[in-house]
Amino acid sequence: MRFTTRPKEIQEFVSPCKLIQFNLRQCVSGLFPDADVHSIRVQPCDPKFGDYQTNALMGLAKSKGLNPRKLAGDVVARLDLSGICESVEVAGAGFLNFRLSKARLAETLSEANRGEHLFFDRENVGRSIIVDFSSPNVAKPMHVGHIRSTGIGDALQRTFRLLGHSVITDNHIGDWGTQFGKLLLGWKEMLDRSALATDAIAELERLYKVINAQCDADAGRLEAARAELVKLQAGDPENLGIWREMVSLSQVQFDALYSRLGVRFDKALGESFYNPFLAGVVADLLACGMARESAGAVAVFSDGQLPPREDPFLVNKEGEWVDDPALIRKSDGGYNYMTTDLATLDYRISQWSPSEIIYVVDDRQTSHFKKLFSIYRRWKPEQAKTVRLVHVGFGKIMGDDGRPFRTRSGDTVRLRDLLDEAQERARKLVDAKSPELAEDQRAEIARVVGVGAVKYADLLPNRQSDYVFNWEKMLALQGNTAPYLMYAYARIRSIFRKLDSAWKPGELASLILNEPVEIALAGHLINFGLTLEAVAEEYRPNFLCNYLFELAGKFTSFYEQCPVLKAEDPQIRLSRLHLCELTARVLKTGLETLGIGVVEQM
RNA sequence: GCUCCCGUAGCUCAAAUGGAUAGAGCAGCGGAUUUCUAAUCCGCGGAUCUGGGUUCGAUUCCCGGCGGGGGCACCA
């Protein structure tokens, strides 16, 4: 597989914000040819100041030793934004506030109505990005923690694709490694076939727990498990057969959950796929002198090129910097996940030549990825130069007690149970709110609403922070939730269902924006692309959540204040219909980009 | 012991190179439905852990303290 080339029908959209920024940079360049124009940014701002704002001139003034307000005034005097802004003001300590002209705003919306764009640009120079996310383990249930990597990773890859970047998603399944020794032992000694048929994952989990406990208590059992693992890795037919069965049973579970979540992968090359490459990786690193034997194992050490503080292979112990190497082969000859990750990284780069690889994996592995990336750069400097390696980390899900989240019985909450519960709650509400809808329709609404609510709840917080798990929050159907956004969408669709005449978007020459709520809604719509770009740059889907929540809020304000179908003036009615249509399209596209569906009625 | 991350309203979370009067949701209280879906809207109260520093300006950057969590080679 290769990255696909981009479709020909490229959307071109230059947001007014970008246009202002471009003009401002030109203007500053004219005044100061040596200025770093790149740092000058124009951004959406609090509506009380205007539509867009820049604070960059204050920084510039400081570096030039100039009076910031005077500099701002000089810039404004030379800045020609006619046709874009109706006002440009110097404010506060030296801010520039831009207010978009109504004509420009209306024209931008009209372009969208004509189908020229949806307020975002499919970039001319796309990135080719491999997104590594989800990565569940074979023989273990997917639990609530998996929703983080899966949801964030999926939202990011959808964002990249929407913006025209090339993407390969790869699910690096944990299908190889130490745990299989214990699982094999359990399978051979105490497998309950009927339990396996009923709930394979539960039975595998039971086997693992029993053997694991035995191994903790008895070194002999641990040795027996290790022996099974060695046999597996040596290609013993019986163990391989059992292993394959465990993998395929797990795949059934993964498929069921991914299907419910609406997540798909281009590739699912698990750890086992890289097994044949591991010995070569270690041999290479030994040969080039990066790795050496240490206490019977093989490890990569510091090359002394970095200051100790920045060196991932050094750690400070009692005032002295000592080695903190990365293990790539265990003393028993087995390999660990650093080796697998190196082989994976090398394979991906040589096979697919991406410009970027992102790993959506929790923050606990930060130091692992620092080491991984560092080893690769030292190992294959030429290849490493062509690719940007990013660990997109995220925080943990915590319990009320401030410790990593578990149920009362001490287990983690299973993803399946969480989704079931969400759908049940949504179903109750649908039944209460819309009893007139058909049975199958209500079931479908409950499904989309329930799953959407859970996914949105996880995407909403800043990914870097830990968040406290709470059933009520996860399953909330009111407030800043997916159902709130879906509800706004459903209301719009309802308007169009009631529309007597046939509806053809794009018939309108120009939108009429008179009411403040109309202008606010329109002004927010055109920032969709800026938000998508921020998501793609910072790897933060929560920007899109917040954008959509605000959009739904602005729409609802408009909806409460401005009659659409009942507008007296037919031109205003038509204009508002177009505004509704655009809002619906952005809501739908935005939610889909988060991996969340919409419903026509609810 | 070393190291990384975190600490924002009663609770859960935001705050896009350091920006303007720090925003939401939930909970509480009070309102709105003969009007396109009340899973809605409007209103009220309430916050940056602590002490310094840098800056015109700090939730954001630096140092100390307190509190919580993670990671410290043969698990991933």
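Here is how names work: the chains are called A, B, and so on, in the same order as the sequence lines, proteins then strands, and each is numbered from 1. Keep in mind that this is a model prediction, so the values were computed, not measured.
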OP1 or OP2 of [N] less than 4.0 angstrom from a side-chain nitrogen or oxygen of [X], does that happen here?
X	N	result
A:Arg497	B:U37	no
A:Ser465	B:A14	yes
A:Lys498	B:U37	yes
A:Gln43	B:U17	yes
A:Lys371	B:A73	no
A:Thr178	B:C75	yes
A:Tyr484	B:C41	yes

Give the nucleotide from the list [options] with an atom nearest to the side chain of [X].
X	options	value
A:Lys433	B:U35, B:A39, B:G69	B:A39
A:Pro483	B:A16, B:A39, B:G70	B:A39
A:Arg491	B:U40, B:U21, B:G19	B:U40
A:Arg41	B:C36, B:U37, B:U17	B:U17
A:Ala299	B:A73, B:C36, B:G19	B:A73
A:Lys473	B:A76, B:A39, B:U12	B:U12
A:Thr556	B:C41, B:A76, B:A39	B:C41
A:Pro44	B:A16, B:C36, B:U17	B:A16
A:Asn480	B:A39, B:C74, B:G25	B:G25
A:Ala295	B:C74, B:G71, B:C72	B:C74

Under 4.0 Å between any heavy atoms, over every strand shown, what does [X] touch: base, sugar-phosphate, or nothing? Just pick one.
X	answer
A:Ala476	nothing
A:Glu538	nothing
A:Glu600	base
A:Lys396	sugar-phosphate
A:Asn336	sugar-phosphate
A:Ala432	nothing
A:Phe549	sugar-phosphate
A:Ala488	nothing

Check for me whether the distance between the ring centres of A:Tyr359 and A:His172 falls short of 6.0 Å. no
Compute the ring centroids of A:Phe95 and A:Phe49, then answer whether they are less than 6.0 Å apart. no
Distance check, [atom1] atoms only: [N] and [M], in whole angstrom units.
N	M	atom1	result
B:C5	B:C11	P	26 Å
B:U59	B:U35	C1'	44 Å
B:A38	B:G28	P	22 Å
B:G71	B:U12	C1'	27 Å
B:A16	B:G7	P	13 Å
B:U17	B:G57	C1'	15 Å
B:G10	B:G70	P	27 Å
B:C6	B:A14	C1'	16 Å

Exactly one of A:Tyr274, A:Trp243, A:Phe273 should register a ring pair (Phe, Tyr, Trp, His ring centres under 6.0 Å) with A:Trp176. Which one does? A:Trp243
Spacing of [X] atom [atom1] relative to [N] atom [atom2], expressed in whole Å:
X	N	atom1	atom2	answer
A:Lys182	B:C75	NZ	P	8 Å
A:His391	B:C5	NE2	P	13 Å
A:Gln464	B:C13	CD	P	15 Å
A:Asp323	B:C2	CG	P	19 Å
A:Gln561	B:A32	CD	C1'	13 Å
A:Asn462	B:U48	CG	P	21 Å
A:Leu327	B:C72	CG	P	12 Å
A:Asp363	B:U3	CG	P	19 Å

Mate of B:G23 where both pairing distances stay under 3.5 Å, Watson-Crick or G-U: B:C13
Pair assignment for B:C36, Watson-Crick or G-U wobble, requiring both distances under 3.5 Å: none
Aromatic-base stack, A:Phe95 on B:G19, cutoff 5.5 Å, angle under 30: no
Determine whether the aromatic ring of A:Phe49 stacks with the base of B:A20, defined as ring centroids separated by less than 5.5 Å and ring planes inclined by less than 30°. yes
At their closest point, which heavy atom of A:Leu477 faces which heavy atom of A:Ala426, and how far apart are they? CD1-CA, 4.1 Å
Taking the six-membered ring of A:Tyr489 as reference, does the cationic atom of A:Lys588 (NZ for Lys, CZ for Arg) lie under 6.0 Å from its centre and within 45° of its axis? no
Could A:Lys370 and A:Glu310 be called an ion pair, given the rule that one side-chain N must be under 4.0 Å from one carboxylate O? no
Can a salt bridge be assigned to the pair A:Glu444 and A:Arg447 using a cut-off of 4.0 Å between side-chain N and carboxylate O? yes
Using the closest heavy atom to pick a nucleotide of RNA chain B for each, name whichever of A:Ser39 or A:Trp321 lands nearer the 5' end. A:Trp321
Toward the 5' end of RNA chain B, by each residue's nearest nucleotide, A:Gln365 or A:Val468: A:Val468
[X] (side chain) and [N] (base): donor-acceptor pair under 3.5 Å:
X	N	result
A:Thr340	B:A76	no
A:Asn97	B:A20	yes
A:Tyr487	B:A39	no
A:Ser331	B:C74	yes

Does A:Glu568, at its CD atom, have more than 12 non-hydrogen atoms belonging to other residues, nucleotides or ligands within less than 6.0 Å? no
Say whether, by atom type as modelled, one donor and one acceptor occur between the side chain of A:Ser331 and the main chain of A:Ala297 under 3.5 angstrom. no
Under the salt bridge (Lys or Arg N to Asp or Glu O under 4.0 Å) rule, what do A:Asp458 and A:Arg148 come out as? Steps first, then yes or no, please. CA-CA 7 Å; A:Asp458 185 72; A:Arg148 300 235 69 190; 3.0 Å; yes
